[in-house]
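First comes the structure, then the notes that go with it.
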Protein chains: 2
Amino acid sequence: MVITRTRIQEKNRSAILDAGLEVFSQYGFRGTTLDQIAEAAGLSKPNLLYYFPSKEAIHTELLESLLETWLDPLHALDDGGDPIGEILDYVRRKLEMSRDFPRESRLFANEILQGAPRIDDNLRGELKTLVDEKAQVIRGWIATGKVAPVDPHHLIFSIWALTQHYADFDVQVRAVLGGADPFPGAQAYLDQVFRTLLRP
Amino acid sequence: MVITRTRIQEKNRSAILDAGLEVFSQYGFRGTTLDQIAEAAGLSKPNLLYYFPSKEAIHTELLESLLETWLDPLHALDDGGDPIGEILDYVRRKLEMSRDFPRESRLFANEILQGAPRIDDNLRGELKTLVDEKAQVIRGWIATGKVAPVDPHHLIFSIWALTQHYADFDVQVRAVLGGADPFPGAQAYLDQVFRTLLRP
DNA sequence: GCGTGATTTGACCAACTGGTCAAAGCTACG
DNA sequence: CGTAGCTTTGACCAGTTGGTCAAATCACGC
């Protein structure tokens with residue numbers, strides 16, 4: 001079954017999703033109102049509900065498309081590549097996502113802070129499977145002496161923490177830096193951290 | 001002016017603050033209702049408002065007492081101590097706070113995610129001052145060759161990110177680990193990360 | 001330019017929200 | 001005891017919330 005959509009539908013649906021991302025990522029699901037989304041999207045509230053059946057539906061669609069793209073960089077971690085280069089590339093890609101898609105990062109953070117009520121299954125299923133698989137790859141690299149021995153799970157957590165921090169805690173980081181763009185410095189610092197950590 | 005309080009006041013005020021911490025840290029300010037707090041505290045809503053003038057007042061009091069204690073570990077970073085030992089101790093203390101006071105960490109994360117509307121001044125003022133001061137201490141250690149050359153600001157950010165991650169993203173971390181306690185492993189991993197990073 | 005289906009909206013609703021208030025209940029102290 | 005002041009609550013209020021609906025408006029192929 002193919003969903004056909006007019007140009008108007010295309011335009012308004014994406015305006016709503018963009019507005020929803022903006023507001024949900026700041027206030028979380030419960031803290032967001034349909035009126036806020038409607039205003040950000042430049043539509044009336046009943047018009048919102050012509051395109052989406054409920055507030056929940058907007059949030060669900062955002063979360064789903066987020067999860068899809070969120071793990072792409074980890075998927076790309078290649079068993080056959082140069083180990084340290086692969087990991088440093090992963091860090092770079094994740095940091096770029098924090099820079100280019102901070103709202104998506106915050107939407108995810110909000111969901112987790114609330115106890116992940118809507119994506120708990122995904123975390124325990126798809127995510128865990130993927131992480132376990134990549135942890136095995138890293139273990140292989142360690143076994144052959146190409147990477148210093150580290151706990152692969154905590155290594156992955158630390159990459160998430162360090163990169164997402166620059167999106168999720170952006171205001172704090174910029175406040176401390178006096179407003180300067182943190183990303184160039186972050187890139188260099190993270191490179192240094194993981195290079196020294198992983199050198200065998 | 002000394003505020004005197006009866007035992008009942010003492011007990012109920014702290015029950016409300018505890019309940020508020022529980023709910024605010026999960027749903028943020030806007031996403032939290034007085035009824036939720038009242039139920040968690042085991043009081044009626046009017047009774048809540050007998051002890052605090054408004055929802056805002058509960059939140060403000062929580063944030064203030066949080067900020068006070070949140071930076072204590074950083075204050076303790078001692079110019080005169082053993083450089084690498086001082087930094088590793090700071091990491092340890094911050095990780096212990098994530099383990100023992102995860103709700104406080106999440107309350108703070110929620111506030112920052114929302115753009116820090118209530119603590120922006122504090123971030124740009126007190127926090128920035130303290131961080132700049134400690135960054136100077138670290139720069140001194142680097143200059144005398146006691147610590148490898150790293151960007152001190154990003155070093156501090158990375159300590160915050162790595163330790164708070166275990167509180168703020170607890171459900172995700174445990175989902176991936178299959179429910180196991182992450183903290184012993186985190187402690188060992190973070191020790192390793194900063195030891196290798198900072199060794200001159 | 002006309003008609004049909006897509007789009008938009010004002011008016012509306014019940015439930016919930018933060019907050020008030022007067023009256024009732026309770027407690028400590030003389 | 002008794003009572004003055006502390007504590008608790010049911011009833012209430014105005015504003016907000018997610019969501020509905022019928023009617024009005026619009027866009028597009030014929």
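Lettering follows sequence order; numbering is per chain, from 1. Treat the numbers as computed from the prediction; the structure is a model and nothing was measured. What you see below is based on every heavy atom in this structure, not just the backbone, and it leaves out hydrogens, waters and symmetry mates.
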Checklist entry - Is A:Arg30 near enough to D:dG18 that one of its side-chain N or O atoms lies under 4.0 angstrom from OP1 or OP2? => result no
Checklist outcome for this item: Quick note, A:Gln9 side chain, CB onward, closest among D:dG19, C:dA6, C:dG19 is C:dA6
Next on the checklist: Distance check needed: C:dT8 P versus A:Lys11 NZ, whole Å only.
Outcome noted: 7 Å
Checklist outcome for this item: From CG of B:Leu49 across to P of C:dT17 the rounded distance in Å is 14 Å
Item to check | Interatomic distance, A:Glu56 CD vs D:dT17 C1' [rounded to whole Å] | outcome: 15 Å
Checklist entry - With a 4.0 Å cut-off on heavy atoms, is B:Phe52 in touch with a base, just the backbone sugar-phosphate, or nothing at all? => result nothing
Checklist entry - Do A:Leu113 and A:Val23 belong to the same hydrophobic cluster, where Ile, Leu, Val, Met, Phe, Trp and Tyr are linked whenever their side-chain heavy atoms lie under 4.5 Å apart, directly or via other members? => result no
Checklist entry - Rounding to a whole Å, what distance do you find between A:Asn47:CG and D:dT20:P? => result 15 Å
Item to check | Distance below 4.0 Å between A:Ser44 side-chain N/O and C:dT8 OP1 or OP2 | outcome: no
Checklist entry - Taking atom C1' of D:dC6 as reference, at what distance in whole Å does atom CG of B:Leu43 sit? => result 15 Å
Item to check | Whole-Å gap separating C1' (C:dC16) and NZ (B:Lys55) | outcome: 12 Å
Checklist entry - Can a salt bridge be assigned to the pair B:Asp72 and B:Arg93 using a cut-off of 4.0 Å between side-chain N and carboxylate O? => result no
Next on the checklist: Is it the case that the base of D:dG18 and the side chain of A:Lys45 share a donor-acceptor contact (distance under 3.5 Å, atom types as modelled)?
Outcome noted: yes
Checklist entry - B:Leu34 CG to D:dC13 P: how many Å, rounded? => result 20 Å
Checklist entry - For B:Val147 and B:Pro200, which heavy atoms make the closest approach, and how far apart are they? => result N-CG, 4.1 Å
Checklist entry - Tell me: OH of B:Tyr51 to P of C:dG18, nearest whole Å? => result 20 Å
Next on the checklist: Taking the ring of B:His154 and the ring of A:Tyr166, is the distance between their centroids below 6.0 Å?
Outcome noted: yes
Checklist entry - Are A:Arg118 and A:Phe29 in a cation-pi contact, defined as NZ or CZ under 6.0 Å from the six-membered ring centre and within 45° of the axis? => result yes
Next on the checklist: As a test of reading the structure: which of C:dG10, C:dT8, D:dT8 is closest to the side chain of B:Tyr50, going by heavy atoms?
Outcome noted: D:dT8
